[in-house]
Trainee: 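One structure coming up, written as structure tokens, with questions to follow.
Just the heavy atoms: all of them, side chains too, but no hydrogens, waters or symmetry mates, feed the values below. Lettering of chains follows the sequences in order, A, B, ..., and the numbering in each one begins at 1.
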Amino acid sequence: MSVVVRFAPSPTGYLHIGGARTALFNWLYARHCGGRYLLRIEDTDRARSTEAAIRAIFEGLEWLELSPDAPPVFQSARADRHREVAERLLAEGRAYRCWCTPEELEEMRARARAEKRPVRYDRRCRGRDPASVPPDRPSVVRLAMPTEGETVIEDLVQGTVRIANAQLDDMILLRSDGTPTYMLSVVVDDHDMGITHVIRGDDHLTNAFRQYQLYRAMAVDVPTFAHIPLIHGPDGAKLSKRHGALSVTEYREMGILPEAMRNYLVRLGWSLGDREILSTEEMIRHFDIRDVGRSPARFDMNKLLSLNAHYLRERADTELLRLVLPRLEAAGIRVDEAGRRRLEAGMAGLKLRARTLVELAEAARIYVAPRPLPLTPKAARLLDDAMRKNLEALAGRLVHLQRWDEESLESACRAFAEELGLGFGKLAQPLRAALTGTTVSPGLFEVMCVLGRDEVLARIEDAARGRNPAVQQSH
RNA sequence: GUCCCCAUCGUCUAGUGGUCAGGACGCCAGCCUUUCAAGCUGGUAACGCGGGUUCGAUUCCCGCUGGGGACGCCA
């Protein structure tokens with residue numbers, strides 16, 4: 001039997017990283033098995049579902065390259081089919097009408113809680129004769145759960161899990177307005193879509209027992225379940241807004257690369273021995289949902305950043321240029337053709353020092369910002385009067401330098417420092433300040449090569465004449 | 001409260017009835033060095049507790065503790 005899986009988010013918000021990991025595991029399992037990976041938008045709660053959220057989900061999945069193999073299924077469009085199933089179950093006596101009002105149910109629950117009894121529907125309508133109820137009184141349709149025995153699920157991640165059927169609620173299938181509930185819709189859709197493996201967060205584990213009984217009532221095969229543990233915040237609690245960014249698109253804004261995010265997420269609960277860096281091909285080749293651990297993992301930004309730094313270094317310079325340019329423009333920096341060329345030439349040195357695209361764009365300023373460059377406070381302090389004269393004298397040498405390459409520049413600068421009776425470091429930092437406006441940058445001679453002679457001389461001239469404005473921010 | 005799930009360094013994890021309990025991130029130190037990174041070297045740090053089973057348990061079983069989840073006419 002060919003594997004068919006689905007990712008089934010409800011469009012009530014952005015795609016968060018927990019959902020992204022669920023999607024990734026589904027996708028990986030499908031790819032590994034040569035199966036199909038589908039997307040279903042669970043928008044049966046029309047009030048809370050939004051177009052924006054649906055777009056955010058598509059966008060997030062696209063960014064992570066986890067788009068489905070077929071157009072998405074919108075659950076709301078299938079309400080008639082869901083209703084039809086409920087009606088059939090009703091006719092077959094596997095479901096029944098319940099006339100309890102929401103107030104009545106709330107009171108029942110409150111009393112149960114107060115008396116420290118299990119909070120559950122007491123099935124008071126289960127045997128009720130419809131004729132004994134006024135015909136116009138609204139009713140819901142509930143599933144008649146077995147009251148004895150137990151339900152056992154062989155979960156690919158959780159192992160064998162069982163629950164006494166007495167614990168199962170007679171869940172609502174159709175609301176009093178006739179619309180289907182999530183419980184009904186998921187089961188009907190998963191069946192109709194031919195889903196063979198339901199891979200989702202383990203917050204659905206208890207739902208699985210009830211859904212199992214619904215499959216049985218419908219007299220259809222039950223799919224294989226795999227409930228993966230949720231991702232927790234650094235404090236161990238359920239991931240929430242107070243833990244910072246949740247939406248995958250926020251990570252994109254932060255300058256995280258999709259491949260870094262995927263690598264990070266897949267290692268949460270799944271591993272391949274000691275391997276930390278995994279290509280998509282390796283993940284697909286080795287991934288098995290059965291190998292996913294059962295304990296929840298905590299989100300660790302440092303690890304994500306470290307992975308991101310790695311993948312940043314792996315990306316081609318031209319690729320990074322393409323990603324950084326829009327960020328520079330958004331920051332109000334107009335990059336001309338010369339700046340573009342410099343940035344591309346300097347990218348190799350820049351990317352080695354950045355953990356995110358945001359940091360990369362920030363560091364890129366040294367190659368694209370217009371003269372005179374602003375000075376950070378630390379840089380400004382290095383450029384005292386004596387040093388400005390030294391730099392001007394150095395510029396005098398550089399004008400006549402035969403070859404403008406790293407070796408020539410290095411020997412010229414070192415020789416000059418020696419003449420001044422300075423350690424090279426004493427000259428290097430002020431020179432760096434003059435050339436970049438900061439105290440942190442790629443290697444000096446690399447920077448000089450990337451900038452080119454004219455720009456280097458001009459920047460030194462700026463510093464010598466004290467033309468650079470000050471900035472508050474510092475590296 | 002009821003039910004379900006979980007438990008190896010701070011974090012992500014590997015692992016076995018007998019291991020110096022391994023790797024990665026972080027942190028610390030050193031090397032390199034014109035700064036910062038990168039790289040290299042070294043270091044720090046864990047089997048939650050109590051009972052069993054066993055010649056021997058981190059590993060198997062039970063309990064406890066701790067953590068998480070579910071108990072909606074939400075999904």
Trainee: Verify the distance criterion only: is there a donor paired with an acceptor across the side chains of A/D189 and A/Q75 at less than 3.5 Å?
Mentor: yes
Trainee: Distance between the C1' atoms of B/rC6 and B/rC12, in whole angstroms?
Mentor: 16 Å
Trainee: Once you apply a heavy-atom cut-off of 4.0 Å, does A/G293 come out as touching a base, just sugar-phosphate, or nothing?
Mentor: nothing
Trainee: Classify the nucleic acid contact of A/S306 as base, sugar-phosphate or nothing, counting any heavy atom under 4.0 Å across all strands shown.
Mentor: sugar-phosphate
Trainee: Are A/Y14 and A/H16 close enough, and set up right, to give a ring pair (Phe, Tyr, Trp, His ring centres under 6.0 Å), and what steps lead you there?
Mentor: CA-CA 6 Å; A/Y14 38 68; A/H16 62 88; 7.0 Å; no
Trainee: Considering non-hydrogen atoms only, spot the tightest contact between A/A166 and A/R120 and give its length.
Mentor: O-NH1, 3.2 Å
Trainee: Would you indicate what A/E276 reaches in the nucleic acid, counting non-hydrogen atoms under 4.0 angstrom: base, sugar-phosphate, or nothing?
Mentor: base
Trainee: Name the first nucleotide and the last nucleotide along RNA chain B (5' to 3') that come under 4.0 Å of a heavy atom in chain A.
Mentor: B/rG1 to B/rA75
Trainee: Rounding to an integer number of angstrom, what distance separates B/rG67 and B/rC20 when you compare their C1' atoms?
Mentor: 32 Å
Trainee: May I ask which nucleotide in the shown strands pairs with B/rU41, Watson-Crick or G-U wobble, both distances under 3.5 Å?
Mentor: B/rA29
Trainee: So A/R294, base contact, sugar-phosphate only, or nothing? Heavy-atom distance under 4.0 Å.
Mentor: sugar-phosphate
Trainee: Checking side-chain polar atoms at under 3.5 Å, does A/Y212 have a donor or acceptor matched by the opposite partner on A/R216?
Mentor: yes
Trainee: Mapping A/S271 and A/A428 onto RNA chain B by nearest heavy atom, which one lands closer to the 5' end?
Mentor: A/S271
Trainee: Is any NZ, NE, NH1 or NH2 atom of the basic residue among A/E259 and A/R315 found under 4.0 Å from an Asp or Glu carboxylate oxygen of the other?
Mentor: yes
Trainee: Paired with B/rU34 by Watson-Crick or G-U wobble geometry, both distances under 3.5 Å: which nucleotide is it?
Mentor: none
Trainee: Give one of base, sugar-phosphate or nothing for A/R298, where a contact means two heavy atoms less than 4.0 Å apart.
Mentor: sugar-phosphate
Trainee: By the 4.0 Å heavy-atom rule, please label A/H227 as base, sugar-phosphate, or nothing.
Mentor: nothing
Trainee: What integer number of Å spans the P atoms of B/rU16 and B/rC25?
Mentor: 24 Å
Trainee: Categorize A/V161 for me: base, sugar-phosphate, or nothing, with a 4.0 angstrom heavy-atom threshold over every strand shown.
Mentor: sugar-phosphate
Trainee: Take atom C1' in B/rC9 and the same atom in B/rC3, then report the distance between them in whole Å.
Mentor: 33 Å
Trainee: Do you see a donor-acceptor pair shorter than 3.5 Å between the side chains of A/T151 and A/Q213?
Mentor: yes
Trainee: When rounded to the nearest Å, what value does the distance between C1' atoms of B/rC32 and B/rG42 take?
Mentor: 15 Å
Trainee: Which part of the nucleic acid does A/I163 contact within heavy-atom distance under 4.0 Å: base, sugar-phosphate only, or nothing?
Mentor: sugar-phosphate
Trainee: Under 4.0 Å, counting only non-hydrogen atoms across every strand here, what does A/R48 touch: a base, just sugar-phosphate, or nothing?
Mentor: base
Trainee: For B/rC74, what is the paired nucleotide under Watson-Crick or G-U wobble rules, both distances under 3.5 Å?
Mentor: none
Trainee: What is the pairing partner of B/rA21, taking Watson-Crick or G-U wobble pairs with both distances under 3.5 Å in any strand?
Mentor: none
Trainee: Roughly how far apart, to the nearest Å, are B/rG51 and B/rA14 at atom C1'?
Mentor: 29 Å
Trainee: Heavy atoms only, 4.0 Å cut-off, all strands: where does A/N207 land among base, sugar-phosphate and nothing?
Mentor: base
Trainee: Could you give all pairs that pass the ring pair (Phe, Tyr, Trp, His ring centres under 6.0 Å) test and reach residues 255-274 of chain A, with sequence neighbours left out?
Mentor: A/Y264-A/F299, A/W270-A/F287
Trainee: Under 4.0 angstrom, heavy atoms only, what part of the nucleic acid is A/P442 near: base, sugar-phosphate, or nothing?
Mentor: base
Trainee: Using heavy atoms to find the nearest nucleotide of RNA chain B for A/C98 and A/Q429 separately, return the residue whose nucleotide is more 5′.
Mentor: A/Q429
Trainee: Checking all strands, does A/Y264 fall into the base, sugar-phosphate, or nothing category for heavy-atom contacts under 4.0 angstrom?
Mentor: nothing
Trainee: State whether a side-chain donor-acceptor pair under 3.5 Å links A/T439 with A/R432.
Mentor: no
Trainee: Quick one: does NZ or CZ of A/R142 land under 6.0 Å from the six-membered ring centre of A/Y121, within 45 degrees of the ring axis?
Mentor: yes
Trainee: When the P atoms of B/rG63 and B/rA7 are considered, how many whole Å apart are they?
Mentor: 15 Å
Trainee: Searching all strands shown, indicate the nucleotide that pairs with B/rC49 (Watson-Crick or G-U wobble; both distances under 3.5 Å).
Mentor: B/rG63
Trainee: Using Watson-Crick or G-U wobble geometry with both distances under 3.5 Å, which nucleotide pairs with B/rC3?
Mentor: B/rG69
Trainee: Distance check, P atoms only: B/rG23 and B/rG66, in whole angstrom units.
Mentor: 34 Å
Trainee: Within the 4.0 Å heavy-atom criterion, would you say A/K116 contacts the bases, only the backbone, or no part of the nucleic acid?
Mentor: sugar-phosphate
Trainee: Tell me what A/L268 touches on the nucleic acid: a base, only sugar-phosphate, or nothing, going by heavy atoms under 4.0 Å.
Mentor: sugar-phosphate
